[in-house]
*Asks:* 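Next up is a structure, given as structure tokens.
Numbered from 1 within each chain, the chains take letters A, B, ... in sequence-line order. All figures in this text were calculated on a predicted structure; none of them were measured in a lab.
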Protein chains: 2
Amino acid sequence: MKQVNLKEQVKKLFEEHLEIHQQRKTKERFIILDEIYSRDDHFDAEGLYAALKSKKHQISRATVYNTLELLVECELVTKHQFGNNLARFEKSFGYRQHDHLICIDCNKVLEFCDPRIHQISTRMGELLHFNIAHHSLILYGKCNGCEVKEQLKGSR
Amino acid sequence: MKQVNLKEQVKKLFEEHLEIHQQRKTKERFIILDEIYSRDDHFDAEGLYAALKSKKHQISRATVYNTLELLVECELVTKHQFGNNLARFEKSFGYRQHDHLICIDCNKVLEFCDPRIHQISTRMGELLHFNIAHHSLILYGKCNGCEVKEQLKGSR
DNA sequence: GTGCATGCAAATCCTTTGCAGTGAT
DNA sequence: ATCACTGCAAAGGATTTGCATGCAC
């Protein structure tokens, strides 16, 4: 039942955020939030739109973009730019802060944590007089599978 | 005369790269390389195109994009995605590897170095069986100036 | 009822592509 | 002389915007 509780929690948080900012609690917004917290990947706006459509929800692209922005603002969703110019998103409530590792061949995304990143962030903020809000660390490389595939191709 | 030597060095490196890959040494390519190594900022493709135009060089956008890609391939230029979906570039030969700190209000870019990032990169590569090629670490925050400005606005 | 949010389509921004002409090899 | 590279303009993909309609308040 952990899933259910998580969804209820984020829904409550979203409602609070909307109330505080005097924004409306439309059904579209909650359908989108629910869909995002049903997924477990790094999706893009178009993919989310398609998923909603396939579930017979008539929600426009504009609303998808609009709601994603709202959810990023209230920190229930995180936005990433993984190299290509296509924004990717992931749910962010209830998960430990983490960073990403991406395969430059197959685009597979892995996650990892390292406390040193937070240390670096804090230290550099102090040193350079910046009030750090968040960060993005992406390691680009080739995953084992793609590495092997390439070697096979090379030796042909 | 350090500048001149640097420009000569990168020109030589670019020529070698072109020869090895059997690509042509066109004057446009060298004009673009020279312009990039005359700058000292994080520019975008359009800005580079505009700079060339203002210097009376008739170089098309297509060639600018094409050459940037070439220069990224031979590692004379680095490409970044700083949040928004607009690629930014900087010269990368002769400079220590570094990461970036960006003001989310005024877009100011600062640079910093921390050896721990390389350690993290190596460690995670081993742990997750990735052959890491490069990384991107961006710290987002507010610079002192913007921070002060905001406080003034708040207390009005 | 008021006016914010939606849906739709058009507009915009950045980047890539197709193609005819040019110039490096 | 060949054919990779260029310039141009059109296409493309992601995102934003304008406006009429709908619905949360």
*Asks:* Would you say A:Glu111 has more than 12 foreign heavy atoms packed within less than 6.0 Å of its CD?
*Replies:* yes
*Asks:* Which sits closer to the 5' end of DNA chain C, B:Ala45 or A:Arg29, going by the nucleotide each is nearest to?
*Replies:* A:Arg29
*Asks:* When you check the gap from the basic side-chain N to the acidic O, do A:Asp114 and B:Arg123 get nearer than 4.0 Å?
*Replies:* yes
*Asks:* Under a criterion of less than 4.0 angstrom to any heavy atom of chain B, what are the 5'-terminal and 3'-terminal contacting nucleotides of DNA chain D?
*Replies:* D:dC3 to D:dT15
*Asks:* Restricting to non-hydrogen atoms, name the atom on B:Cys74 and the atom on B:Phe14 that form the minimum distance, rounded to 0.1 Å.
*Replies:*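 Shortest heavy-atom contact: SG-CD1, 4.0 Å.
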*Asks:* Using 30° and 60° as the class boundaries, would you call the ring planes of A:His42 and A:His80 parallel, tilted or perpendicular?
*Replies:* tilted
*Asks:* Compute the angle between the rotation axes at the two ends of the helix from C:dG1-D:dC25 to C:dT25-D:dA1, each taken over five pairs, rounded to 10 degrees.
*Replies:*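 The helix from C:dG1-D:dC25 to C:dT25-D:dA1 shows an end-to-end axis angle of 30°.
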*Asks:* Could you tell me whether A:Arg39 atom CZ has more than 12 heavy atoms of other residues or ligands within 6.0 Å of it?
*Replies:* yes
*Asks:* Please report the closest heavy-atom contact between A:Leu68 and A:Phe43, naming both atoms and the distance.
*Replies:* CD2-CE1, 4.2 Å
*Asks:* Using modelled atom types and a 3.5 Å cut-off, is there a donor and acceptor pairing between side-chain atoms of B:Thr67 and backbone atoms of B:Arg29?
*Replies:* no
*Asks:* To the nearest Å, how far apart are A:Ile32 CD1 and C:dG7 C1'?
*Replies:*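 Distance, rounded to whole Å: 12 Å.
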*Asks:* Can you run down the side chain to side chain donor-acceptor pair (under 3.5 Å) pairs that involve residues 130-147 of chain A, sequence neighbours left out, and say none if there aren't any?
*Replies:* A:Asp99-A:His135, A:Asn131-B:Glu147, A:Lys142-A:Glu150, A:Glu147-B:Asn131
*Asks:* For the CD atom on A:Gln97, are there more than 12 heavy atoms of other groups (residues, nucleotides or ligands in this structure) within a distance under 6.0 Å?
*Replies:* yes
*Asks:* Can you find a pair of side-chain heavy atoms, one from B:Asn107 and one from B:Phe82, that are under 4.5 Å apart?
*Replies:*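 When only atoms from C-beta onward are counted, B:Phe82 and B:Asn107 do not touch, as no gap falls below 4.5 Å.
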*Asks:* Determine yes or no for a side-chain-to-main-chain donor-acceptor pair under 3.5 angstrom, with A:Ser121 supplying the side chain and A:Ile117 the backbone.
*Replies:*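 Flag not set: sc A:Ser121 to bb A:Ile117 has no pair under 3.5 Å.
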*Asks:* Taking the nucleotide of DNA chain C with the nearest heavy atom to each, does B:Asn85 or A:Tyr49 sit closer to the 5' end?
*Replies:*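 Checking each residue's closest nucleotide, the 5'-ward one belongs to A:Tyr49.
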*Asks:* Any Lys/Arg nitrogen of A:Lys79 or A:Glu69 sitting under 4.0 Å from an Asp/Glu carboxylate oxygen of the other?
*Replies:* no
*Asks:* Please determine whether side-chain contact (heavy atoms from CB on, under 4.5 Å) holds for the pair B:Gln119 and A:Arg116, giving the CA-CA distance in whole Å, both sets of side-chain angles, and the decisive distance to 0.1 Å.
*Replies:* CA-CA 10 Å; B:Gln119 290 165 22; A:Arg116 284 176 290 182; 3.4 Å; yes
*Asks:* Would you jot down, in residue-number order, the residues of residues 12-22 of chain A having a non-hydrogen atom under 4.0 Å from DNA chain D?
*Replies:* none
*Asks:* Give me the distances for all protein-to-nucleotides 22-25 of chain C N/O pairs that come in under 3.5 Å?
*Replies:*
{"from": "C:dG23", "atom 1": "N2", "to": "B:Arg24", "atom 2": "NH1", "distance (Å)": "2.6"}
{"from": "C:dT25", "atom 1": "OP1", "to": "B:Lys25", "atom 2": "N", "distance (Å)": "3.2"}

*Asks:* Testing B:Glu16, B:Glu19, B:Glu15 for salt bridge (charged side-chain N to carboxylate O under 4.0 Å, His left out) with B:Lys25, which one passes?
*Replies:*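 Exactly one candidate clears the test, B:Glu19.
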*Asks:* What residues in residues 53-76 of chain B put a non-hydrogen atom under 4.0 Å from any atom of DNA chain D?
*Replies:* B:Gln58, B:Ile59, B:Ser60, B:Ala62, B:Thr63, B:Asn66
*Asks:* Go through the steps to decide whether B:Ile36 and B:Phe89 satisfy the test side-chain contact (heavy atoms from CB on, under 4.5 Å), and finish with yes or no.
*Replies:* CA-CA 9 Å; B:Ile36 292 173; B:Phe89 303 85; over 6 Å; no
